Every structure is written in structure tokens, then in C-alpha cells.
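Okay, structure first, notes after.
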Number of protein chains: 2
Amino acid sequence: MADLYAWTDGACSGNPGPGGWGVLMRAMEGDTIVKERELKGGEAETTNNRMELLAAINALEALTRGTAITITTDSAYVKNGVTGWIHGWKRNGWKTSNKKPVKNVDLWQRLDEAQRRHKVTWEWIKGHAGHPENERADELARAGMEPFKPAKAK
Amino acid sequence: MADLYAWTDGACSGNPGPGGWGVLMRAMEGDTIVKERELKGGEAETTNNRMELLAAINALEALTRGTAITITTDSAYVKNGVTGWIHGWKRNGWKTSNKKPVKNVDLWQRLDEAQRRHKVTWEWIKGHAGHPENERADELARAGMEPFKPAKAK
RNA sequence: AGACACCAGUUACC
DNA sequence: GGTAACTGGTGTCT
């Protein structure tokens with residue numbers, strides 16, 4: 001009867017540039033961590049927002065069966081998008097409020113699909129505010145980015 | 001035998017609200033800038049489109065004798081107005097296609113008059129797209145607006 | 001329905 | 001200082 005939590009974060013060196021995403025997942029029984037799992041990945045040429053999105057997507061896609069999970073992100077873009085904006089976008093053919101095409105549609109649709117089977121509670125926290133789990137997700141994102149950074153000159 | 005160019009821009013804080021206009025003028029001989037001149041101004045209560053219009057008007061009114069000049073704006077309103085819509089408006093008594101009175105008639109007529117003596121080539125560029133001259137005109141517009149902004153609190 | 005501009009706000013990434 | 005993204009709004013025309 002464990003509760004599932006995920007903290008997600010993205011990092012990007014350049015924006016656009018090499019980027020990475022990281023996820024810290026935990027199964028909790030009360031205050032006890034009964035299971036922990038870490039995911040990370042990266043790309044050579046991407047943006048901060050794509051990495052934030054991909055972190056959340058990977059958290060959800062890592063779930064094997066339909067469950068309840070609380071996902072915590074420091075990205076207002078992801079949190080507001082998935083809990084609010086996306087409903088309007090599906091209605092109006094993925095246009096923003098200024099009639100421009102929504103960016104990163106591929107990932108928003110993948111996130112929407114990944115979310116479908118689960119009962120997700122989305123939370124937002126301020127970044128760099130001393131949340132240990134958010135900081136761990138940040139480390140993972142940076143680690144995920146590492147292989148895609150251009151070889152140091154030196 | 002220098003070629004004349006002007007870049008114009010407007011800015012407006014509030015719309016309607018305090019606004020400014022800016023003009024960068026250049027006389028070029030080939031790739032060489034042989035002369036440069038900057039104009040700016042503002043008003044306490046105006047609109048973005050009036051400022052865009054006034055920038056173009058001031059560029060033309062600054063010319064002493066009839067000449068050829070290329071004016072570059074990022075405003076589709078000004079560019080399309082002066083090169084297209086205005087002909088219809090003069091014919092039909094300054095009504096829009098919906099029979100409404102054309103807005104800013106005073107400035108459209110002043111622009112038309114200012115243009116009469118010259119051979120103007122109108123160009124349009126996308127704003128905020130990294131055109132240095134457009135960015136300079138933008139700075140001038142903001143500077144022109146400055147004296148008309150309400151005194152800072154604090 | 002379309003286009004351009006102007007403004008206000010929010011978060012993140014550098 | 002910049003980019004990546006979104007929300008809300010007005011000024012104007014076709």
C-alpha cells in the first residue's frame with residue numbers, strides 16, 4: 001500500500017543546446033522510503049522546456065501498471081500546461097491564445113497519452129529553494145546531459 | 001550620390017498610454033555610412049500604431065529636399081496602409097472595408113502629404129528578429145517615451 | 001477568419 | 001544581459 005512520488009527536472013546548456021532530464025521516484029509507506037529509482041537521459045540539441053517535459057514523460061512511462069502518483073516539478077510550463085492549457089489546446093487544434101501553433105506538440109501529446117492510464121497529482125515547487133528531491137533530480141538531469149556536451153577543448 | 005535609408009519604430013507603455021517613436025537615418029555610399037542621424041519623440045497618451053505612424057512621418061518630414069529614400073518598418077499596419085489601403089481610403093472618403101471611419105486619419109493624411117515630395121520605397125521586416133537598425137530605432141522610441149512615463153513610485 | 005505590432009504577467013534554462 | 005514557453009490584454013487593418 002505504498003504511495004508513489006516522482007520529482008522531475010531538466011537542465012540545458014545553451015538553450016537551445018545540449019540538455020538532460022532527471023527523475024527521482026519513490027515509493028513511500030508513511031515516512032518510510034520502501035523503494036527508490038532514478039532515471040536520466042539527454043539530447044545533443046534541445047531546449048530547457050523540452051527537457052522538463054521529457055522528465056515528466058519518462059516518469060510516467062516508467063510505470064508498468066496504472067497507478068496513482070504525485071509528480072513534482074519546478075517548471076510552471078509543465079505544471080500549468082498539463083493541468084490547464086492542454087485542455088484548450090485539444091479543443092482548438094493546438095493553437096496558443098495568440099493563434100500561434102503550440103510549441104513542443106509532440107511532447108505534449110506524448111505526455112497526455114502517458115498520463116491517460118494513471119491518476120496523476122501534479123505539484124509545483126520553486127526551483128533552487130532547498131528541496132532535496134528537486135536538487136537530486138537536478139543532479140540527475142545534469143548527469144543525463146553529460147554525454148551530450150561537446151568534448152572539452154582544453 | 002549617397003543612398004538614403006530610414007528605420008522607424010514605435011513603443012507604447014499601456015496602449016493606450018505613454019508612447020514614443022524613433023528613427024535611425026543613414027546616408028550610404030555602397031557599404032559605407034557617410035552620414036547618420038537619429039530622431040525621437042513621444043507623447044503622454046497615445047497608441048502603438050500612432051507611434052509607428054509618427055516615426056515614419058518624422059523620417060519623411062526631416063528631409064529638406066525631395067529625394068529617394070527607403071523606409072523600413074516592422075509595422076504591417078504602416079507598410080500595408082501606406083502602400084495599399086490608403087488609395088482606397090482616399091477614393092471612398094476614409095472608410096474601412098466595414099464602412100467604419102479609418103482611425104488615425106490625421107496621421108495618415110500627414111504621412112501621405114509628407115510622402116508626396118519624395119520617392120519612397122517602403123520595406124517591412126519582422127520585429128525582434130535581430131536587425132540591428134530596427135533594434136536601434138526601438139531604443140530611440142523607448143528613449144522618446146521616457147519623459148512621458150509617470151514618475152516612478154519609490 | 002487572417003496579419004503585424006504594442007503592453008502586462010509567470011516559471012524555468014543559461 | 002539573453003532564450004524557451006505559456007497566460008491575459010489593446011491597437012488596427014484586410
Side-chain angles (χ1 to χ4, degrees), chain A residues 8-21 45-53 55-56 73-89 92-105 107-108 124-129 134 137-138 141-142 145 149, chain B residues 8-21 45-53 55-56 73-86 88-89 94-98 100-105 107-108 124-130 134-135 137-138 141-142 145 149:
Chain A
T8 67
D9 196 26
C12 202
S13 171
N15 209 14
W21 54 266
E45 183 72 10
T46 186
T47 67
N48 66 326
N49 288 335
R50 286 188 75 84
M51 288 301 98
E52 302 277 8
L53 238 12
T73 174
D74 65 16
S75 166
Y77 178 63
V78 169
K79 160 69 153 71
N80 293 335
V82 78
T83 62
W85 308 335
I86 202 171
H87 305 114
W89 295 341
N92 71 7
W94 300 91
K95 302 282 183 236
T96 69
S97 68
N98 307 318
K99 326 289 194 182
K100 304 283 185 194
V102 169
K103 304 284 182 66
N104 305 319
V105 195
L107 297 183
W108 284 114
W124 175 84
I125 48 162
K126 178 135 192 77
H128 314 288
N134 176 252
D138 184 56
R142 279 163 211 289
M145 168 166 60
K149 282 167 68 174
Chain B
T8 68
D9 197 25
C12 201
S13 172
N15 209 17
W21 54 266
E45 183 71 9
T46 185
T47 66
N48 66 326
N49 288 334
R50 286 186 75 82
M51 289 300 99
E52 303 276 6
L53 238 12
T73 176
D74 65 16
S75 166
Y77 177 63
V78 169
K79 160 69 154 74
N80 293 335
V82 78
T83 62
W85 308 336
I86 202 171
W89 296 340
W94 301 91
K95 301 285 183 234
T96 68
S97 66
N98 309 318
K100 305 282 187 195
V102 169
K103 304 282 184 65
N104 306 319
V105 196
L107 297 182
W108 283 114
W124 176 84
I125 49 163
K126 181 138 191 73
H128 312 288
N134 177 250
E135 270 157 37
D138 185 55
R142 280 165 210 288
M145 168 167 60
K149 283 166 71 173

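Being a predicted model, the structure only gives us computed values, none of them experimental. Every chain is numbered from 1 and lettered A, B, ... according to where its sequence line falls, protein lines coming before strand lines.
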Q. For B:D138, which residues count as a side chain to side chain donor-acceptor pair (under 3.5 Å) partner, sequence neighbours excluded?
A. B:R142
Counting the atoms with a prime plus P, OP1 and OP2 as sugar-phosphate, which does [X] contact under 4.0 Å by heavy atoms, base, sugar-phosphate, or nothing?
X      : value
B:G127 : sugar-phosphate
B:N49  : base
B:K100 : nothing
A:N15  : base
A:W108 : nothing
B:G10  : sugar-phosphate
A:V78  : nothing
A:K126 : sugar-phosphate

Q. For the side chain of A:N92 and the backbone of A:K95, is there at least one donor-acceptor N/O pair under 3.5 Å apart?
A. yes
Q.
Please check this pair: side chain of A:D9 against backbone of A:A137, looking for a donor-acceptor N/O pair closer than 3.5 Å.
A. no
Q.
Is the shortest side-chain heavy-atom distance between A:V78 and A:W124 below 4.5 Å?
A. no
Q | Min side-chain heavy-atom separation A:M145-A:C12 under 4.5 Å | A | no
Expressed as a whole number of angstroms, how long is the span from [X]:[atom1] to [N]:[atom2]?
X      : N      : atom1 : atom2 : answer
B:I86  : D:dT14 : CD1   : P     : 12 Å
A:L53  : D:dA5  : CG    : C1'   : 10 Å
B:N98  : D:dT12 : CG    : P     : 15 Å
B:K103 : D:dT14 : NZ    : C1'   : 15 Å
A:M51  : D:dT3  : CE    : C1'   : 15 Å
B:K79  : D:dT14 : NZ    : C1'   : 14 Å

OP1 or OP2 of [N] less than 4.0 angstrom from a side-chain nitrogen or oxygen of [X], does that happen here?
X     : N     : answer
A:W94 : D:dC6 : no
A:T47 : D:dA5 : yes
A:T96 : D:dC6 : no

Q | Bounds of contact between RNA chain C and chain A, in 5' to 3' order, using a heavy-atom cut-off under 4.0 Å | A | C:C4 to C:C14
Q: Output the distance between atom OG1 (B:T8) and atom CH2 (B:W21), rounded to the nearest 0.5 Å.
A: 10.5 Å
(Q) Which nucleotide wins on minimum distance to the side chain of B:N48, given the candidates D:dA5, D:dA4, D:dG11? (A) D:dG11
Q: Counting heavy atoms from C-beta on, name the nucleotide in D:dG11, D:dT12, D:dT14 closest to the side chain of B:N104.
A: D:dT12
Q. Which residue, A:K126, A:K79, A:E52, forms the side-chain contact (heavy atoms from CB on, under 4.5 Å) with A:D74?
A. A:E52
Q: Assign each of A:S13 and B:S75 to its nearest nucleotide of RNA chain C by heavy atoms, then name whichever residue's nucleotide is nearer the 5' end.
A: B:S75
Q) Of A:N104, A:N49, A:N48, which meets side-chain hydrogen bond (donor to acceptor under 3.5 Å, both in side chains) against A:Y77? A) A:N104
